[in-house]
Amino acid sequence: MEPHGRASDAVLEATVSSVELDSSRRTVNGVDLHVVAAGDESAPLVVLLHGFPEFWYGWRRVIGPLVDAGYRIVVPDQRGYNRSEKPDGVGSYRLTELTRDVVELIGTEDRERAAVVGHDWGGMVAWSVAAHHPEVVDRLTIVNAPHPTAYQRQLVSNPAQLRRSWYALWFQVPWLPERVARYDDYRVLERALRGTAAPRTVRDDELARYRRAWDRTGALTAMLNWYRAAARYPPRSPTEPIEPPTLVVWGEDDVALVPSLAVDSAMLCADGRLELLPETSHWVPHEAPARLTDEILAHLAA
């Protein structure tokens, strides 16, 4: 692991003005990840995991308040995204590999355990870490990401969820989704963020940062390979209740996931609590960062 240093990237300097950010590269599970960190290195550790089509920047409105509350925050660009390594092959993005990345990332902080928070695909990874490596998770917070067992049940029994999941099937096609996503300066990915969120959620300058991340060599294919790997290498669903205390935060206006998934997911936890956010879309960290931070802090302090 490279030593921590003051972030020199202008993106870092401009996004979380209340705290000092460190940018480093860390080798975990054989992959080089770009990691942003903030807060006292001896403070309780919280790992934040982003989803598709984001990068660490998706947590920008949450990092500062968590640091101010006395926590050490570590936020990776997950493998394939932004400045992290983009290994070749769909198999490199199996959930088992993504899970191991996070387990070893916690170890780079010289810790045995951490609180883990995940949104969207980051939430799917967080579920997997808690299910298969509960010994490294103090507390789990999931934001609009279904427990895998709940999701599989809904796909089979609920035609509405199957219709909402059409894009995951489309992503299985080789090379064409990349070409469509890149067309007209990433118009499709822009709509994925802006078109499914509340008006004015993502500003033009913020969208420009996302475009830079999507435009990095190999990024689009790597990002889509998360979906392809999930279909080709179906993950092993947990058979036991999730052991770490779990908070599920759910924006009710999620266009991709039916609301009943939130209830089903919380019920699959040994100690689960559900907070529904009305008039909030899938993009909770963007639309309701203060409420989300308050819920995370209450869960960490419980």
Side-chain angles (χ1 to χ4, degrees), residues 1-2 23-36 47-59 74-109 114 116-133 136-137 145-146 148 151-152 165 167-182 186 188-189 192 210 212-238:
M1 184 182 76
E2 292 182 6
S23 176
S24 64
R25 306 200 68 83
R26 309 186 189 188
T27 300
V28 299
N29 192 24
V31 173
D32 187 41
L33 297 186
H34 170 245
V35 179
V36 171
V47 176
L48 305 177
L49 302 174
H50 69 82
F52 177 92
E54 302 204 78
F55 59 108
W56 76 265
Y57 181 69
W59 292 107
V74 169
V75 196
D77 287 334
Q78 296 204 74
R79 68 162 63 193
Y81 283 85
N82 193 36
R83 294 169 63 188
S84 286
E85 186 177 347
K86 301 161 183 62
D88 293 333
V90 172
S92 298
Y93 300 89
R94 290 171 292 179
L95 189 57
T96 51
E97 299 298 331
L98 309 173
T99 300
R100 175 57 61 182
D101 289 352
V102 177
V103 173
E104 294 192 13
L105 178 63
I106 292 170
T108 65
E109 288 282 313
V116 179
V117 181
H119 171 247
D120 185 81
W121 257 111
M124 300 303 289
V125 176
W127 280 121
S128 180
V129 174
H132 302 298
H133 301 275
V136 307
V137 181
Y151 186 62
Q152 290 171 7
S165 301
Y167 63 92
L169 298 175
W170 157 243
F171 288 163
Q172 303 306 314
V173 177
W175 67 263
L176 186 58
E178 284 92 327
R179 179 169 294 184
V180 172
R182 191 174 288 110
Y186 302 97
V188 168
L189 296 183
Y210 280 108
R212 284 198 293 270
W214 302 333
D215 203 40
R216 294 185 185 275
T217 301
L220 273 181
T221 293
M223 292 158 57
L224 293 168
N225 277 347
W226 282 53
Y227 289 91
R228 292 164 176 155
R232 298 183 197 180
Y233 308 97
R236 177 166 53 96
S237 294

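Just the heavy atoms: all of them, side chains too, but no hydrogens, waters or symmetry mates, feed the values below. We count residues from 1, following the sequence as given.
In this structure, R25 pairs ionically with D32, as a charged nitrogen and a carboxylate oxygen lie closer than 4.0 Å. Using a 4.0 Å cut-off between charged nitrogen and carboxylate oxygen, R79 and E104 do not count as a salt-bridge pair.
Ring centroid separation for the pair F52 and Y167 does not come in under the 6.0 Å cut-off.
Distance alone, capped at 3.5 Å, is enough to place a donor-acceptor pair between the W127 side chain and the A145 backbone. For the pair Q172 (side chain) and A168 (backbone), a donor-acceptor distance under 3.5 Å is present. The closest donor-acceptor contact from the side chain of N225 to the backbone of S92 lies at 3.5 Å or more, if one exists at all. Between the side chain of T221 and the main chain of G218, no donor-acceptor pair closer than 3.5 Å is present.
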> Can you list the steps and then say if R212 with D215 is a side chain to side chain contact (heavy atoms under 4.5 Å, CB included)?
Replying inline: CA-CA 5 Å; R212 284 198 293 270; D215 203 40; 5.7 Å; no
>> For a side chain to side chain contact (heavy atoms under 4.5 Å, CB included) check, start with the C-alpha distance between W56 and H34, then their side-chain angles and the critical distance, and finish with the verdict.
In response: CA-CA 9 Å; W56 76 265; H34 170 245; 4.0 Å; yes
> Which is it for H133 and R100 under the side chain to side chain contact (heavy atoms under 4.5 Å, CB included) test, yes or no, and what are the steps along the way?
Replying inline: CA-CA 9 Å; H133 301 275; R100 175 57 61 182; 3.4 Å; yes
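Using a 4.5 Å heavy-atom threshold, the side chains of H119 and W59 count as touching. Using a 4.5 Å cut-off on side-chain heavy atoms (C-beta onward), Y210 and P53 make no contact. Taking 4.5 Å as the limit, some side-chain heavy atom of K86 sits within range of a side-chain heavy atom of Y93. In this structure, W170 and Y227 have side chains that are not in contact, with every pair of non-hydrogen atoms separated by 4.5 Å or more. Side-chain contact between P146 and M124 is present, with heavy atoms from C-beta onward closer than 4.5 Å. In this structure, the side chains of V129 and V47 stay at 4.5 Å or more apart for every pair of heavy atoms. Under the 4.5 Å side-chain criterion, counting only non-hydrogen atoms from C-beta, Q78 is not in contact with S84. Between P177 and R228 there is a side-chain heavy-atom pair separated by less than 4.5 Å.
A donor-acceptor contact under 3.5 angstrom links the side chains of R26 and S24, judged on distance only.
Going from atom CD of E54 over to atom OH of Y81 covers 9.0 Å, rounded to the nearest 0.5 Å. The CG atom of N29 lies 9.0 Å from the CG atom of L98; values are rounded to the nearest 0.5 Å. Taken to the nearest 0.5 Å, the OG1 atom of T96 stands 9.0 Å off from the NE2 atom of H132. For the atom pair OG1 (T99) and CG (D101), the distance works out to 8.5 Å, reported to the nearest 0.5 Å.
Between H50 and P76, the closest heavy-atom pair is CD2-O, 3.3 Å. Minimum interatomic distance between L49 and V125 (heavy atoms only, all atoms of both residues): CD1-CG1, 4.2 Å. Minimum interatomic distance between P87 and V31 (heavy atoms only, all atoms of both residues): CG-CG2, 4.4 Å. Listed here is the closest heavy atom pair of D77 and L33: O-CD2, 3.8 Å. When all heavy atoms of A131 and P238 are compared, the pair lying nearest together is CB-CG, 3.6 Å. Counting all heavy atoms, side chain and backbone alike, G91 lies closest to Y233 at CA-CE1, 3.6 Å.
Taking the six-membered ring where the residue is Trp, W121 and W226 present perpendicular rings, their angle passing 60° and hence far from 30°.
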